There are 2 protein chains.
Amino acid sequence: MDAQLKILDIHEVPLVCRGCDARHNGVCSTLTPHQLTELNKHSQRKAVEAGTELIGQGQQVHSYSNILKGVVKLSKIMADGRQQIVGLQFAPDFMGRPFHGESLMAAEAATDTELCVLPRKILERMISESSELGSRLHNQALTELDEARDWMLTLGRKSAREKVASLLVLVAAHADPDRLGDCAFELPLSRADIADFLGLTIETVSRQMTKLRKDGLIHIENNRQVYVPDLDKLAVTAGGD
Amino acid sequence: MDAQLKILDIHEVPLVCRGCDARHNGVCSTLTPHQLTELNKHSQRKAVEAGTELIGQGQQVHSYSNILKGVVKLSKIMADGRQQIVGLQFAPDFMGRPFHGESLMAAEAATDTELCVLPRKILERMISESSELGSRLHNQALTELDEARDWMLTLGRKSAREKVASLLVLVAAHADPDRLGDCAFELPLSRADIADFLGLTIETVSRQMTKLRKDGLIHIENNRQVYVPDLDKLAVTAGGD
DNA sequence: CGATAATTTGAGTGAGGTCAACTTCTGTGG
DNA sequence: CCACAGAAGTTGACCTCACTCAAATTATCG
């Protein structure tokens, strides 16, 4: 590519998009500066605090979002109130299912969260135009499918202790992707959320956390601050894969 | 489109593809007669009997398949032998994950099954060339993701009775898509498979089936022949959604 | 018809649920 | 800075649903 042109292109990237994680590692990385500018005219940054419902189960979808910061939980709720978290989305994930009018789950901010909200129509037009964007979204869908299936094994076949260890390993992997050995992070989920993700009760989660602590596998401070001295050991406790 | 040309096109569809379900409702429906002919040069029909392993967990992928007949189970196995079925694929589903060298689960024929086996390289080239094929696969991935997440709710939050009822509703839906009221079908899974799909033991599955039978919600003959007098009632027992 | 596998049934046990009390955090206002 | 209130998390006692192990029954196939 012509060097001069390339420099020009870079300068055309909208201000707010520069340095945005979604543009580097998320779906926006496939867009041209022109497309970014176009999208940017209609996109909107939004900060929401923990606990905010972003969309309800069965509700009409009017927009999609990039998660810029924070963690969003996706959950299904039964008529009698039983709840199961079916996925966690971390920055810079794309949120929403294009071309599907009605949301099949609820999405709620688990932590304080920043979003880049994209109107439905505009994004869907861009997907039709850019096969690269489509295949990027295809890839994310496949990754989420893998994660969902891994979690099915956890839900169906693991003990409470293994389940809790699995969750800690999962969060550790997102907090510090290539960290080996030890690792520290803040839990983005309350005990109630963890229970809903693992198919357990709050009490069982609490008991297993206490046991893992007494066994020296984790240290906890202020309920949310976790330190894992040996990630491998914890992974083995999680069912070892 | 020119009528004459269209007739010619139809005649160019390879013989074996005419009347094939995958061409009408599966991924092949997006292909042109020319592409079908090209693909057909390298594809191969294959009949396998129940219990045949199609690919092992962690094994290299050399081909993809359309399922023409039968049911395939996808499962994850832990180091100590615990197993979880993470998905069922019915005809005319496409099987395999393009551009991903290593299979993350095992695939095994649950019933006697017929496949149309497509070599990896050829299919991947066609995906790059045809955005329609790509979006078709994207859609199947999203459908599978929805199913996986529905099943997470089943695994995490439902009782044994609800789980067994959920499975029966799932199979009924595939056997007889728009049948309301009553419905009869043959179970494609053994009790052991059902247990591995529901995260239960064989014994618990058996006991719950007996209870559903005694409650008049289902009739069973020869272990595999199921008759459901009232699908709605069964769906309510499954957790009602 | 006999052999083997698949399924059902029974008795006893245990992991995780339920309910309730207690402790620890967090944030607010005096 | 402390006192207090409400929320979040922990701990204990007890119970239940699903698991385990074992035996009986039924289906399948040569």
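Bear in mind that the values here come from a model prediction, so they are computed numbers and not experimental data. All chains are named by letter (A, B, ...) in the order of the sequence lines, taking the proteins before the strands, and each is independently numbered beginning at 1.
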Whether the Ser103(B) and Gln59(B) side chains hold a donor-acceptor pair (N or O, under 3.5 Å, no angle test) is what I'd like checked. no
Quick check on dA18(D): is either OP1 or OP2 less than 4.0 Å from any side-chain nitrogen or oxygen of Thr204(B)? no
Using whole Å, report how far CD of Glu203(A) lies from P of dT11(D). 12 Å
Glu221(A) CD to dT24(C) C1', straight-line distance once rounded to whole Å: 14 Å
Counting only heavy atoms not in Gln60(A), do more than 12 sit closer than 6.0 Å to its CD atom? yes
Backbone of Val61(A) reached by a side-chain donor or acceptor of Glu102(A) within 3.5 Å: no
Of Gly199(A) and Arg224(A), the one whose closest nucleotide on DNA chain C sits nearer the 5' end is Gly199(A)
Rounded to whole Å, the CD-P distance (Gln208(B) to dT8(C)) equals 12 Å
Figure out the CD/C1' separation between Glu186(A) and dC25(C), and round it to whole Å. 14 Å
Judged by nearest nucleotide, the residue sitting upstream toward the 5' end of DNA chain C, Ser159(A) or Val205(B), is Val205(B)
Between dG16(C) (C1') and Glu162(A) (CD): distance, integer Å: 14 Å
Is there a donor N/O on one and an acceptor N/O on the other, under 3.5 Å, for the side chain of Arg207(A) and the base of dG12(D)? yes
Would you mind reading off the distance between Ile202(B) atom CD1 and dA24(D) atom P, rounded to a whole angstrom? 19 Å
Mind checking whether Trp151(A) and Phe197(A) have parallel, tilted or perpendicular rings, split at 30° and 60°? parallel
Is any side-chain nitrogen or oxygen of Thr201(B) closer than 4.0 Å to OP1 or OP2 of dC19(D)? yes
Output the rounded distance in Å from CG (Asn222(B)) to P (dA6(C)). 16 Å
Where the side chain of Ser190(B) is concerned, which of dT9(C), dT7(C), dC19(C) is the nearest nucleotide? dT7(C)
Determine: side-chain N/O of Ser206(A) to OP1/OP2 of dT11(D), distance under 4.0 Å, yes or no. no
Output for pair (Lys76(A) NZ, Gln83(A) CD), nearest 0.5 Å, gives 12.0 Å
Nearest-Å distance, CG (Asp193(B)) to P (dA6(C))? 10 Å
